[in-house]
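Structure first, then comments.
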Amino acid sequence: MMNKVNILVVDDRPEGILAVQAVLNSPSYNIVTASSGNEALKHLLKDDFAVILMDVQMPIMNGFETASVVKTREKSKDIPIIFMSAINQDEQYVYQGYGVGAIDYLLKPFDPYILRSKVAIFVDIYRKNLLIKEQARLIQETEAKAHAREMDRLELESLRKYQNLADSIPQIVFRLKEDGQNDYFNKVWYEYTGLSQANSSEFRWKDVIHPTDIEKLTSLLKDASHTDALECECRILNLHGVFRWHLIRIQPERFEKNQQLSWLGTATDIEDRKQAEETQRFLAEAGEMLVSSIDYRKTLQSISKLAVPYLADWCSFDIMDDSGKLENLVINHRDPKRIEHAKLLHDKYLCNIEGKVGAMSVIKSGQTQVFNSITNELLNDLAIDDDQIHLVKELGDTAAMIIPMTLHGKVFGALTFVSAESGMKYDQNAVSTGEELARRVALAFDNSNLYKMSQDAIEIRNDFLSIASHELNTPITSLKLQLQMVKKGLLMGKEGNFPLERFSKSVEASVKQVDRLINLISILLDVSRIQSGKFTFNFLKFNAKDVINEVVERHKELLQNAECTLDVSGDCDFNVVWDRTRIEQVLTNLLTNAIKYAPGKIEMTIKEDKNHIVIAVHDHGQGIEKEKLATIFDRFERATSNESVSGLGLGLFIVKQIAEGHHGSVHVESKTNEGSTFSLRLPKDVTQFVLPSSTEEARIH
Ligand code: ADP
């Protein structure tokens, strides 16, 4: 259906209007009438017209004047005007009409057919114009829509590129609205937190920020005055329920007239770096403590205070002595009220030889034990009894690691770390930290032992110096006295008052003191040779009976003087390959010691044991204290409380070196008040152990 077209008919005379209306009566025309120029202009302001039929002769404003105004107005300037005139038929008026923009001129009375045709042409033109305009509008509209679509596509593409870029970055990338509401989070955020988009919307993203760090982060968002990126460190909860430290960097994003619209930020995981820094700090502090004092136990107390809470809620450090007994050096709990429970669990179960878990089992196996989830099943599996399970539950233990301490390839202790209320877990990092601490503690333990040993050695050396000077001084003093006596005798002898047998006794006594001095000096020389690796042997074949008889023979007088008896039993008539002088030295030492320290009944037994010979010297003296038994074969070690019995504490040390130089051994059995037995066990033929090139001479180091 076509719309009606407006046609404006302007005539001051109603009959003129009626005539036109009659001619143009058509359903496709809407005839608008105006009886004056002014009224016509009003209509033109309001509506659009296909053509104006204008009477020329009108009062006030004639047709030409009205047409001039019509042509000056933008809205109506292109509307064709057909003048109608009955009077002004002169050519002059016709020209005037064209001059003011008339398209045509009709003279009254007009031919209805011509009027209809002319109006129809203008209506047709008008309609076509309308169509062209409509098409132009439609084209413009389609183009605008296509342009908008293209813009949307480009925007979407750039957004996608931006998101792809943000997703390809290993850090969390986000954009927040000015007030801190979520605008965008990249893929890493959702993967790390395990949150859905809905759970990260608006301000809900703050749920995974550590409560104590939220304030730090939100205060950054308040300060948009900076042009540089703002930074803070805060903890973000991951999908496993663990907080990890992140470095947050945010930058205000300004687009329109420098107005801030949003915050663009990244969060970089710095947990590993932080942990490494903290571990270094912990180990450095512990290391400093360990070297700051030689009071080992006191130092471990301080270290345990460092380890709790850094590595555990409670911890214990234990070492094992040579008898296999565990000694607790320190036990420390974060909560002093629970220390008794921890001690009970430690003493009764963790140090139990039957236990599958704890210091004792770790020392036995040498393997670190790590439990990151102490469940009922685990407890049922590992606990010794129900009480142990009860204690662990009482303490709230959730994880534990027990680390062996090793020194010179031997496990000698363990460090136990237990986590309870803190919920701490023992990952590879924690285990490495524990192992490093164990290594440093073991080193400090070694150093402290070495220090103690060196202190003991200094003390022993000082004791030895005073004993040695006393020992050397005694024969010298006695020798001097004898010589003075001889000198006096010689002076008196001139007058014949000094009997010769007194001379002989003094000289004899002097020789004894010289022998004693020679003996002492040869002992010192032997020790110095042993020390410098120059203690040599000269192995020869001889009959053992000869040596034993000779030694016994030589001690007869000494035994007699000391009111001792010596009973030798066993067969010793066989050939041996030994260093004869050195074996004489050994037997002399064992025999003189028995005479010195346990005068009375002494027995020497000789027994054959396959390829070995065992010579034992047994006395019935006071015996040697149990604690001293292990050390009497060491240098300068003496076990006697009787200061009057002289000695350097070197005899048994040399005996042991000689026995071992023969690939044999010497050991002692002794009971207080019952006596001692020193047994020397030697291979009959040393050369079976010595390389052929050195059968004659062996060196011990
Ligand atoms: P010294 O006799 O010069 O002290 P030794 O090395 O020969 O040194 O002996 C070491 C220690 O062993 C002695 O000081 C003594 O205390 C103890 N000892 C050795 N033999 C006996 C023994 N038969 N009975 C008791 N104690 C002994």
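Numbering of ligands and ligand atoms starts at 1, following listing order.
- Ligand 1 lies out of reach of F633, whose nearest heavy atom is not under 4.0 Å from it.
- Between H662 and F539, the angle of the ring planes goes over 60°, which puts this pair in the perpendicular group of the 30/60° scheme.
- Residue N589 has at least one heavy-atom neighbour below 4.0 Å for each of these atoms of ligand 1: 7 (O).
- The closest approach between a heavy atom of E637 and any atom of ligand 1 is below 4.0 Å.
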Give the intermediate values and the outcome of salt bridge (charged side-chain N to carboxylate O under 4.0 Å, His left out) for residues K512 and D515.
CA-CA 5 Å; K512 260 192 193 157; D515 282 345; over 6 Å; no
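- Among the atoms of I624, none of the N or O lies under 3.5 angstrom from an N or O of ligand 1.
- Remark: ligand 1 atoms within the under-4.0 Å shell around heavy atoms of L652 are 5 (P), 6 (O), 7 (O), 9 (O), 10 (C), 12 (O), 19 (C).
- Distances shorter than 4.0 angstrom occur between a heavy atom of K596 and an atom of ligand 1.
- The one candidate from H663, K607, R681 that meets the side chain to side chain contact (heavy atoms under 4.5 Å, CB included) condition with H612 is R681.
- For the pair G621 and ligand 1, no heavy-atom separation below 4.0 Å is found.
- Of the candidates Y597, F653, F636, Y597 brings a heavy atom nearest to atom 18 (N) of ligand 1.
- For atom 12 (O) of ligand 1, the candidate residues are T631, I632, V668; the nearest heavy-atom contact is made by I632.
- For the pair Q388 (side chain) and L382 (backbone), a donor-acceptor distance under 3.5 Å is absent.
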